[in-house]
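Working notes for the structure below.
All values reported here derive from a predicted model rather than from experimental measurement. Just so it is clear, the values below take in all heavy atoms, side chains as well, and ignore hydrogens, waters and symmetry mates. Residue numbers start from 1 in every chain, and the chains themselves are labelled A, B, ... in the order their sequence lines are given, proteins ahead of strands.
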Amino acid sequence: MSISRRKFLGWLGAAGLSTTLSKAASAATTKHFTGYPDSVGVLFDNTRCIGCRKCEAGCNKVNELPAPDQSFDDLTVLAQQRRTTARAYTVVNRYDKVNHPKGPLYGKIQCNHCLEPACASACFVRAFDKTKIGAVTYDETVCVGCRYCMIACPFEIPTYEYYKALTPRVMKCTLCYPRISKGLLPGCVESCPTESLTYGKRRDLLRIARERIHRFPERYVDHIYGEHEMGGTSWLYLSAVPFREVGMREDLGVTPAPELTAGALSGVPIVVGMWPVLLTGIYAISKRKEKIASAEKEQAVTTAVEQAKAEAEAQLAEALAKAEEEKKKAIESEGQKALKEGDKPQAEEADKTETEEDS
Amino acid sequence: MSEDTATIGKSYFTPFNIIAGLIVIMGLVLTVIRFTGGLAATTNLSDYNPWGLWIGFDLLVGVALAAGGYVTSAAVYLFGMKKYHSAVRPAILTAFLGYALVVLALHYDVGRPWRLPYPFIVQQGTTSLLFEVGACVALYLMVLFIEFTPVPLEWLGFKHARNLVVKLTLLLTVFGVVLSTLHQSSLGALFLIAPSKLHPLWYSPYLPVYFFVSSIIAGLSMVIFESTLSFRFFKHKMDESHSAEKDTIALGFGKAASFVLAGYFIIKVIGISAGNQWHFLTTNYGLWYLVELLGFVALPCFFYAVGVRDKNVTLIKWTAFWTVIGVVINRFNVSMIAFNWHLPSSERYFPHWMEIGISVFIVTVGLIAFKFIVTRMPILYEHPEYKDAH
Ligand code: SF4
Ligand code: SF4
Ligand code: SF4
């Protein structure tokens with residue numbers, strides 16, 4: 001009775017597992033977040049950028065970052081590909097091997113302020129916040145320094161102050177959150193001499209970008225990078241050449257990062273809910289098996305004991321019968337021997353069943 | 001036991017003690033460097049490579065190899081395989097030490113280790129798989145601690161407390177399995193968020209399943225491997241049933257490992273087919289993937305099966321060792337070797353010697369603790385007062 005009930009529960013659990021799984025999967029894919037309405041962003045247009053590094057200088061200044069190794073006027077650093085570091089929230093790179101009539105193109109790298117940031121979904125202490133205004137901010141007062149955000153960011157943006165022994169922080173562009181909250185322009189945008197950077201509501205920026213592509217189809221590739229990449233980002237890009245030629249990955253897909261882990265996370269309540277049921281079920285079954293086995297063993301032992309007893313008695317009787325014909329002395333010794341022999345098989349039988357049970 | 005303490009008392013300068021002592025001294029020096037000079041002074045970590053050996057080995061491998069604890073206690077207490085009973089305590093001890101050392105190692109790796117409780121007491125980042133890992137590891141460490149307490153309690157002679165804890169065995173075992181399922185799989189799921197960085201042959205939506213299944217393999221193999229080592233070095237500490245059951249355990253666990261490896265092989269192949277990643281197999285990474293899949297999954301699966309069929313315990317032991325290496329390679333591949341594969345070689349990570357030094361130090365601390373406990377407490381033998389009390 002108890003077995004079948006447990007088994008039934010187990011099957012029920014297994015069935016529940018599969019239905020919940022499929023539900024969770026579809027729930028994860030139907031959710032679509034297109035960003036906070038009226039959130040802001042920046043549009044970068046590489047057909048206008050002249051690689052002057054003024055944005056780097058502006059960013060350094062407004063964020064009070066340490067002075068760079070080489071001055072921002074020194075354009076020789078452009079010979080190498082650089083990335084964001086703990087001392088530079090943004091860097092400009094030059095791309096020489098592009099198929100562009102007007103020579104090399106430039107790219108600007110900084111946090112893209114994703115609509116659904118990988119960094120924020122990865123942080124186990126919620127140090128990142130996608131603010132209503134659009135900036136992804138970081139709270140150094142809670143950060144543990146696990147650096148999972150750096151693993152998670154598909155754009156390889158967050159950096160770490162590895163050189164600090166006790167107070168290392170994750171460093172990344174803040175979209176100048178303190179400034180834009182006050183209505184000021186981001187430092188980099190303000191210092192750009194060519195209007196390669198346009199600050200505004202993301203909705204408007206998308207419209208502007210589309211217009212530029214529409215008006216100068218020969219000048220741009222027909223794609224706004226960041227509109228959908230990784231579920232969309234607050235920074236948007238226009239380019240004269242395919243984006244992969246200016247160091248931007250085109251294989252990231254449009255799935256927002258949180259969706260990548262949604263399936264695994266939805267497994268948690270299933271495991272927590274179902275495992276104990278299944279495991280106690282299994283335990284009950286094995287316990288029941290054990291009970292049956294031990295009952296069988298007991299049965300076997302009693303039968304063995306009874307058999308041995310009967311044999312011993314028979315032998316004793318036989319011996320006694322024989323003894324009647326013998327002398328009194330002989331009768332006694334024979335009787336004892338028979339008794340001893342009768343004991344032996346009994347003990348052996350019991351031993352045997354025990355070892356069988358053990359193996 | 002008293003003889004043993006006497007022999008230890010005679011000479012502290014055994015080869016083990018000397019080497020372990022030197023490593024501990026080195027470890028303490030490196031610890032000072034780590035916490036005065038920061039991660040930059042001791043590691044090769046970079047902005048591209050935020051996770052290195054301390055995550056790849058100390059966390060991922062450490063947790064996988066400590067899986068023997070939940071695998072064995074589940075087999076014995078839930079699945080009723082009483083004949084493996086003598087494997088439970090060594091496995092629980094290893095798991096407990098393993099997890100304790102994982103947590104210790106994390107203190108070196110994270111930037112501000114004193115904030116490690118923050119995710120639980122300050123702000124919960126529940127969308128993070130790392131949160132799940134952290135929560136489960138913390139809880140499981142507690143469970144393992146309680147599961148382990150009967151040992152010191154027997155040693156110290158606290159009968160009542162000991163019997164009380166033993167009564168909780170079933171509950172603790174179920175708890176342990178739930179928590180282990182969650183965090184073993186979540187360790188793999190950590191990498192789900194980075195499809196653009198992990199090589200497609202290793203990246204798979206099935207990563208959590210792979211990590212969970214391979215943790216069972218690691219657990220089974222570690223129990224065999226460890227009992228071999230224990231028999232070699234602590235033979236005098238083993239009672240009859242432990243020595244006698246040793247081969248039964250090797251055969252039983254070897255058989256189970258063979259089956260699970262076969263299943264693991266199949267789901268790996270399914271994963272590659274589902275993602276249609278076959279074309280990568282002809283590249284260098286593909287070759288390396290095949291080495292892992294054929295050399296460290298298919299091959300040990302086969303050798304375990306042969307070993308069990310021929311009752312060849314020696315073969316099983318060597319296969320267990322080989323399988324453990326295979327799990328280490330797998331974790332290294334996912335976290336380091338195939339991670340950031342798209343970057344130019346100048347940006348790739350290779351551990352600093354001090355990172356290796358700290359990892360060796362931590363493993364050594366574990367060995368010292370293991371030795372200390374095994375030579376004093378009822379791990380490899382049953383305490384005479386509690387015989388048959390299980
Ligand atoms: S670009 Fe990277 S750091 Fe910036 S919001 Fe997106 S995931 Fe976070
Ligand atoms: S390093 Fe800090 S911000 Fe990044 S995931 Fe860890 S706790 Fe969060
Ligand atoms: S938005 Fe501000 S923080 Fe970000 S790159 Fe520009 S100046 Fe720097």
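- Inter-residue side-chain proximity for Thr173(B) and Tyr283(A) is flagged as unmet; no heavy-atom pair is nearer than 4.5 Å.
- Counting heavy-atom pairs closer than 4.5 Å to chain B, the top-ranked of the candidates Glu161(A), Arg169(A), Met171(A), Arg249(A) is Arg249(A).
- Taking CG of Leu130(B) as the start and CZ of Arg147(A) as the end, the distance is 11.0 Å to the nearest 0.5 Å.
- Residue Phe35(B) qualifies as enclosed at atom CZ: its count of foreign heavy atoms under 6.0 Å is above 12.
- Taking the side chain as every heavy atom from C-beta outward, Lys287(A) and Leu170(B) never approach each other to under 4.5 Å.
- Considering only heavy-atom pairs separated by less than 4.5 Å from chain B, the leading option among Leu166(A), Val170(A), Thr255(A), Ile157(A) is Leu166(A).
- Residues passing the salt bridge (charged side-chain N to carboxylate O under 4.0 Å, His left out) test with Asp69(A): none are found, sequence neighbours excluded.
- Heavy atoms closer than 4.5 Å to chain B are found in both the backbone and the side chain of Ile282(A).
- Side chain of Arg115(B) to backbone of Cys143(A): a donor-acceptor contact under 3.5 angstrom is found.
- The side chain to side chain contact (heavy atoms under 4.5 Å, CB included) test applied to Asp139(A) returns Thr141(A), Val142(A), not counting sequence neighbours.
- Considering every non-hydrogen atom in both Ser128(B) and Leu265(A), the closest pair reads O-CD2, 4.5 Å.
- Contact check for Asp47(B) versus Met150(A): side-chain heavy atoms found under the 4.5 Å cut-off.
- Looking at Val174(B) and Trp275(A), their side chains never come closer than 4.5 Å, going by heavy atoms from C-beta outward.
- By the 4.5 Å heavy-atom criterion applied to side chains, Thr127(B) and Pro258(A) are not counted as neighbours.
- Asn340(B) approaches Glu156(A) most closely through the heavy-atom pair OD1-OE2, 4.1 Å.
- Put simply, of Arg34(B), Glu245(B), His342(B), Met81(B), the one with the most heavy-atom pairs under 4.5 Å next to chain A is His342(B).
- Between Arg112(B) and Lys164(A) there is no side-chain heavy-atom pair separated by less than 4.5 Å.
- Proximity to chain A involves both the backbone and the side chain of Phe79(B), based on heavy atoms less than 4.5 angstrom apart.
- Of the two parts of Cys123(A), only the backbone, made up of N, CA, C and O, holds a non-hydrogen atom closer than 4.5 Å to a non-hydrogen atom of chain B.
- For the residue pair Phe131(B) and Phe124(A), the shortest heavy atom distance occurs at N-CB, 3.6 Å.
- Options Gly38(B), Pro119(B), Gly80(B) differ in how many heavy-atom pairs under 4.5 Å they form with chain A, and the most are formed by Pro119(B).
- The candidate from Val122(B), Thr248(B), Leu129(B) with the greatest count of non-hydrogen atom pairs under 4.5 Å with chain A is Leu129(B).
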> Is there a salt bridge (charged side-chain N to carboxylate O under 4.0 Å, His left out) between Glu347(B) and Arg83(A) once you walk through the steps?
Replying inline: CA-CA 11 Å; Glu347(B) 299 294 348; Arg83(A) 60 155 292 157; over 6 Å; no

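- For Tyr225(A), the OH atom is densely surrounded, since the number of other residues' heavy atoms within 6.0 Å is greater than 12.
- Taking the side chain as every heavy atom from C-beta outward, Ser196(B) and Phe155(A) never approach each other to under 4.5 Å.
- Taking every heavy atom of both residues into account, Ser121(A) and Ile193(B) meet most closely at OG-CD1, 3.4 Å.
- Shown here for Thr36(B) and Ala165(A), the closest heavy-atom pair between the two residues is O-CB, 3.1 Å.
- Crowding of His228(A) atom NE2: a count of heavy atoms from other residues, nucleotides or ligands under 6.0 Å not exceeding 12.
- Taking Ala257(A), Ala152(A), Gly145(A), Cys149(A) one by one and counting their heavy-atom pairs under 4.5 Å with chain B, the maximum is reached by Gly145(A).
- Rounded to the nearest 0.5 Å, atoms CG (Leu260(A)) and CZ (Phe191(B)) are 14.5 Å apart.
- In terms of heavy-atom pairs under 4.5 Å with chain B, the best-connected choice from Ala118(A), Ala120(A), Cys146(A) is Cys146(A).
- Contact of Leu343(B) with chain A is made through the side chain alone, with heavy-atom distances under 4.5 Å.
- Interface remark: Gln81(A) contributes no atoms to any contact with chain B (heavy atom separation under 4.5 Å).
- Here the side chain of Arg126(A) pairs a donor or acceptor atom with the backbone of Gln124(B) at under 3.5 angstrom.
- In this structure, OH in Tyr160(A) is found 6.5 Å from CG in Leu39(B), a value given to the nearest 0.5 Å.
- Ser286(A) and Leu78(B) make their closest contact through OG-O, 3.0 Å (heavy atoms, listed as atom of the first residue, atom of the second, distance).
- Counting heavy atoms from C-beta outward, Phe339(B) and Ile151(A) have side chains that approach closer than 4.5 Å.
- When atom types are taken as modelled, the side chain of Tyr162(A) and the backbone of Ser46(B) share a donor-acceptor pair closer than 3.5 angstrom.
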